[in-house]
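Structure first, then comments.
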Amino acid sequence: MAAFDPWDPAFLDDPYPAYAELRERGRVQYFEPTGQWLVSHHADVSALLRDRRLGRTYQHRFTHEDFGRTAPPAAHEPFHTLNDHGMLDLEPPDHTRIRRLVSKAFTPRTVEQLKPYVTRLAGELVDGLVRQGGGDLLTDVAEPLPVAVIAEMLGIPESDRAPLRPWSADICGMYELNPSEDVAARAVRASVEFSDYLLQLIAERRKEPGEDLISGLIAAHDEGDRLTEQEMISTCVLLLNAGHEATVNATVNGWYALFRNPGQLAALRADHSLVPSAVEELMRYDTPLQLFERWVLDDIEVDGTTIPRGAEIAMLFGSANHDPEAFRNPEQLDLAREDNPHISFSAGIHYCIGAPLARIELAASMTALLEKAPTLGLAAEPRRKPNFVIRGLEGLAVEL
């Protein structure tokens, strides 16, 4: 399986030909370097995301020993404590209870009320980019917008927001395949610092509640909804990380794709009504989250292959989103694509709770750039981040 090499810079630059080869080889393959079963077809990924025989964790049913797994090193404990109490890595009933509380902040009505704020902020950021005649789309627009929005929702003061993105980047390093000890050490340090900060902020909100989500979670906890302090901290970190990581990468991946497809960019500039379908197509075309993992809680069968309990499945979102059985001409960027069942926001009980907000943010920044920077172009070829699971760029230099 030479083509699939998630540590090869050539693969990271363009993994899609390797995915095509994987799909041709069959519906499931064992990948020795990570000890995972790779699932690459859209129909299988979509079905398995909804299959309750799989789980984001196994610890609600098994010990590490029962499951044939080794407990994480003690030195990594702060990261795992933080990560394992967030709803993304929990299964029912804990997942259901936490998601029910958090979902109140992401109702269609609540998200729609954020639209004017998101639109205004996107406009201000693009105005700054235009004034300086260009810059780095990543740091000037893509990052500050979703970070500000989710921090505003949580009630994190502006003066405290600078470390949020570095903390998030260090923690997310642990989601890559076979992370190094250096990556783990940075994730542990960020987990401790982020948790300490939130512990202090939660204490302040207990004394002086506001209209923010943290105050709402405290109130729900006090009303007997059984949200522990660790769950509150883990939920806030998850919302901050997930609330901007995908949006940031979708923005830069998307604009880089547009610059490489000038015909499609010209069509978008000529017709801004394409923005909603363009957002969906760019999420599909160069998926910000390429891989999502699940544990096999009970034996399953995929195309005649039995995958035993205790195994780990790696669902390849990037491959599923380029599967010709699900998409007509998947390698072609088509901003007017109507039938677009991409799974960039996952599916099943772990479907992205912030998807409606992400769509508003992506549409707002795209519209602002189309209206205020109609001559925007690529100033230099960008470098890919040396990551596979979370796909993004080191920066995106643009000029007017």
Side-chain angles (χ1 to χ4, degrees), residues 49 56 82-83 85-90 95-119 121-122 141-156 161 164-165 167-169 171-172 175 194 198 211-217 220 227 231-254 275-276 279-280 282-284 287-290 292 317 321 342-366 389-392:
L49 284 170
R56 282 291 292 173
L82 181 63
N83 185 70
H85 286 83
M87 62 183 169
L88 183 61
D89 280 80
L90 289 171
H95 171 272
T96 312
R97 170 174 53 84
I98 297 173
R99 189 174 177 114
R100 186 177 64 244
L101 289 170
V102 175
S103 65
K104 294 172 185 175
F106 290 93
T107 62
R109 183 167 163 268
T110 310
V111 171
E112 196 61 30
Q113 287 172 343
L114 282 167
K115 207 169 183 176
Y117 170 71
V118 175
T119 303
L121 184 54
V141 177
E143 277 186 352
L145 177 64
V147 171
V149 171
I150 198 69
E152 192 74 19
M153 287 181 76
L154 283 164
I156 294 176
R161 293 176 189 174
L164 298 180
R165 180 69 175 149
W167 279 337
S168 173
I171 289 169
C172 289
Y175 304 137
F194 210 161
L198 286 168
E211 297 297 311
D212 52 85
L213 181 52
I214 288 178
S215 298
L217 291 173
L227 197 68
E231 286 171 344
M232 231 184 293
I233 290 167
S234 296
T235 296
C236 291
V237 170
L238 173 63
L239 290 174
L240 275 158
N241 291 354
H244 77 268
E245 201 68 49
T247 310
V248 170
N249 293 314
T251 302
V252 291
N253 289 349
V275 165
V279 165
E280 302 303 317
L282 291 166
M283 288 283 292
R284 177 200 74 82
T287 314
L289 181 67
Q290 291 279 312
F292 206 52
F317 282 14
N321 283 342
H342 72 76
I343 49 170
S344 301
F345 289 119
S346 192
I349 67 166
H350 289 291
Y351 179 78
C352 176
I353 201 169
L357 180 58
R359 287 184 165 110
I360 285 175
E361 291 169 347
L362 290 165
S365 66
M366 182 178 286
V389 175
I390 299 174
R391 180 168 172 80

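The first residue in the sequence is number 1, and the count goes up from there.
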Rounded distance (nearest 0.5 Å) linking atom [atom1] of [X] with atom [atom2] of [Y]:
X      : Y      : atom1 : atom2 : value
Ser346 : Leu49  : OG    : CG    : 4.5 Å
Leu289 : Arg391 : CG    : CZ    : 12.0 Å
Thr119 : Leu114 : OG1   : CG    : 10.0 Å
Glu361 : Ile150 : CD    : CD1   : 7.5 Å
Ile233 : Leu198 : CD1   : CG    : 6.5 Å
Leu145 : Tyr117 : CG    : OH    : 8.0 Å

Close side-chain approach of [X] and [Y], heavy atoms under 4.5 Å:
X      : Y      : answer
His244 : Val149 : no
Met153 : Asp212 : no
Ser168 : Leu240 : no
Ile171 : Asn241 : yes
His350 : His95  : yes
Thr251 : Val141 : no

[X] versus [Y], closest heavy-atom pair with distance:
X      : Y      : value
Cys236 : Ile214 : SG-CG1, 3.7 Å
Asn253 : Pro288 : ND2-CA, 4.1 Å
Leu227 : Glu231 : CA-OE1, 3.4 Å
Ala151 : Leu164 : CB-CD1, 4.1 Å
Val248 : Pro146 : CG2-CG, 3.8 Å

For atom CD of Gln113, is the number of surrounding heavy atoms from other residues, nucleotides or ligands below 6.0 Å larger than 12?
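Counting neighbours around CD of Gln113, more than 12 heavy atoms of other residues, nucleotides or ligands fall under 6.0 Å, so yes.
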
Test log, rule side chain to side chain contact (heavy atoms under 4.5 Å, CB included), inputs Gln290 and Val389:
CA-CA 5 Å; Gln290 291 279 312; Val389 175; 5.8 Å; no

Exercise: do His342 and Glu280 side chains pair donor with acceptor under 3.5 Å
yes

Do Asn83 and Ser234 pair up side chain to side chain, a donor and an acceptor below 3.5 Å, judged on atom types alone?
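The answer is no; no qualifying pair exists.
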
Do the charged groups of Arg165 and Glu245 touch, with an N to O distance under 4.0 Å?
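The answer is yes: the pair qualifies as a salt bridge.
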
What I want to find out is whether Arg109 reaches Glu112 closely enough, with some N-O distance under 4.0 Å, to be called a salt bridge.
no

Check step by step if side chain to side chain contact (heavy atoms under 4.5 Å, CB included) holds for Trp167 and Val237.
CA-CA 9 Å; Trp167 279 337; Val237 170; over 6 Å; no

Set out, in order, the CA-CA distance, both residues' side-chain angles and the distance that settles side chain to side chain contact (heavy atoms under 4.5 Å, CB included) for Ile349 and Arg99, then state yes or no.
CA-CA 9 Å; Ile349 67 166; Arg99 189 174 177 114; over 6 Å; no

Side chain to side chain contact (heavy atoms under 4.5 Å, CB included), that's the test. Do Leu362 and Met283 meet it? Break it down for me.
CA-CA 10 Å; Leu362 290 165; Met283 288 283 292; 3.9 Å; yes

Establish, yes or no, whether the cationic atom of Arg56 lies under 6.0 Å from the six-membered ring centre of Phe292 and within 45° of the ring axis.
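Yes, cation above the ring, under 6.0 Å and within 45°.
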
Whether the side chain of Ser103 engages the backbone of Phe106 through a donor-acceptor N/O pair (distance < 3.5 Å, no angle test) should be reported.
no

